[in-house]
Amino acid sequence: GISHASSSIVSLARSHVSSNGGGGGSNEHPLEMPICAFQLPDLTVYNEDFRSFIERDLIEQSMLVALEQAGRLNWWVSVDPTCQRLLPLATTGDGNCLLHAASLGMWGFHDRDLMLRKALYALMEKGVEKEALKRRWRWQQTQQNKE
């Protein structure tokens, strides 16, 4: 798909993240978010065939329809048409899809080397947030058990 950036760019980005420790366990956050959010370019300037190809490859259409029909996504456009619509990015459903999606949003490529997963594990295992995360998880489990 389109999200497969050139191997040299992806390799450089991954080595940068690896050399900074992958996050977790320190006060420094090397997994930086860009200053602006991921945005698709204006696709209306392209012909219909190309625009359709890009949209099929990048946007998860079934999820978009489901979320919009449930009133969970883009409801604000009916309130204020000048508001920008959000689109769910397509990603692989391999059990690591949440972190693949985060990687797509942050860097524009899938997290094939599981750098975010490793950083999340390190945070949950050794990070200063470990106990707070554990308390929150226990509270959620208690709420589910009550139901």
Side-chain angles (χ1 to χ4, degrees), residues 1-44 46 48-77 83-147:
I2 297 280
S3 69
H4 296 287
S6 76
S7 59
S8 60
I9 292 172
V10 173
S11 181
L12 180 64
R14 287 179 179 153
S15 66
H16 175 71
V17 171
S18 294
S19 68
N20 284 333
S26 71
N27 292 331
E28 185 180 333
H29 296 286
L31 300 179
E32 295 178 11
M33 190 62 186
I35 293 173
C36 60
F38 178 79
Q39 287 186 323
L40 290 175
D42 181 12
L43 298 177
T44 61
Y46 300 109
E48 181 62 34
D49 289 341
F50 182 68
R51 183 172 60 240
S52 177
F53 166 75
I54 296 290
E55 288 174 352
R56 273 194 318 272
D57 194 56
L58 291 180
I59 301 168
E60 184 60 53
Q61 292 293 333
S62 61
M63 184 59 64
L64 175 63
V65 169
L67 289 171
E68 285 183 340
Q69 287 179 348
R72 303 279 188 241
L73 185 66
N74 297 326
W75 55 266
W76 49 85
V77 176
C83 290
Q84 187 175 6
R85 293 180 71 233
L86 296 179
L87 303 168
L89 293 175
T91 187
T92 55
D94 63 357
N96 200 38
C97 54
L98 177 62
L99 296 174
H100 283 319
S103 179
L104 279 172
M106 289 167 40
W107 300 311
F109 56 84
H110 282 88
D111 187 19
R112 303 270 182 238
D113 289 341
L114 305 179
M115 294 305 301
L116 288 177
R117 188 180 191 119
K118 291 171 187 171
L120 179 60
Y121 176 80
L123 175 91
M124 293 174 76
E125 183 69 19
K126 301 175 189 130
V128 294
E129 300 89 350
K130 177 182 175 179
E131 292 304 316
L133 289 170
K134 200 179 282 187
R135 276 193 314 274
R136 177 64 172 99
W137 176 79
R138 283 188 190 135
W139 180 84
Q140 182 64 35
Q141 289 300 109
T142 302
Q143 296 302 315
Q144 285 180 340
N145 290 339
K146 285 179 183 178
E147 290 175 10

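- Heavy atoms only, all atoms of each residue included: Gln61 and Glu55 are closest at NE2-O, 4.0 Å.
- Here the CG-OG distance, from Leu89 to Ser103, works out to 11.0 Å after rounding to the nearest 0.5 Å.
- At a threshold of 4.0 Å, the pair Arg136-Glu129 does not count as salt-bridged, since none of the basic side-chain nitrogens sits closer than that to a carboxylate oxygen.
- A 4.5 Å side-chain heavy-atom check between His100 and Leu104 finds every atom pair outside the cut-off.
- Side-chain contact check for Leu67 versus Glu60: every heavy-atom pair is 4.5 Å or farther apart.
- Across all their heavy atoms, Leu133 and Met124 have their closest contact at CD1-CG, 4.0 Å.
- Using modelled atom types, one finds a donor on one side chain and an acceptor on the other under 3.5 Å when comparing Arg56 with Ser52.
- The heavy-atom pair separating Val77 from Cys83 by the smallest distance is CG2-O, 4.0 Å.
- Among all heavy-atom pairs drawn from Leu86 and Asn74, the shortest one is N-OD1, 2.6 Å.
- In this structure, the separation between CG on Leu120 and CG on Leu98 is 8.5 Å, given to the nearest 0.5 Å.
- A side chain to side chain contact (heavy atoms under 4.5 Å, CB included) with Arg138 is found for exactly one of Gln140, Gln141, Lys134, namely Lys134.
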Between Leu64 and Leu73, does a side chain to side chain contact (heavy atoms under 4.5 Å, CB included) hold up when you go through it step by step?
CA-CA 8 Å; Leu64 175 63; Leu73 185 66; 3.9 Å; yes
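- Other residues, nucleotides and ligands contribute over 12 non-hydrogen atoms within 6.0 Å of the CH2 atom of Trp76.
- Once rounded to the nearest 0.5 Å, the distance linking OG1 of Thr91 with CG of Leu99 reads 9.5 Å.
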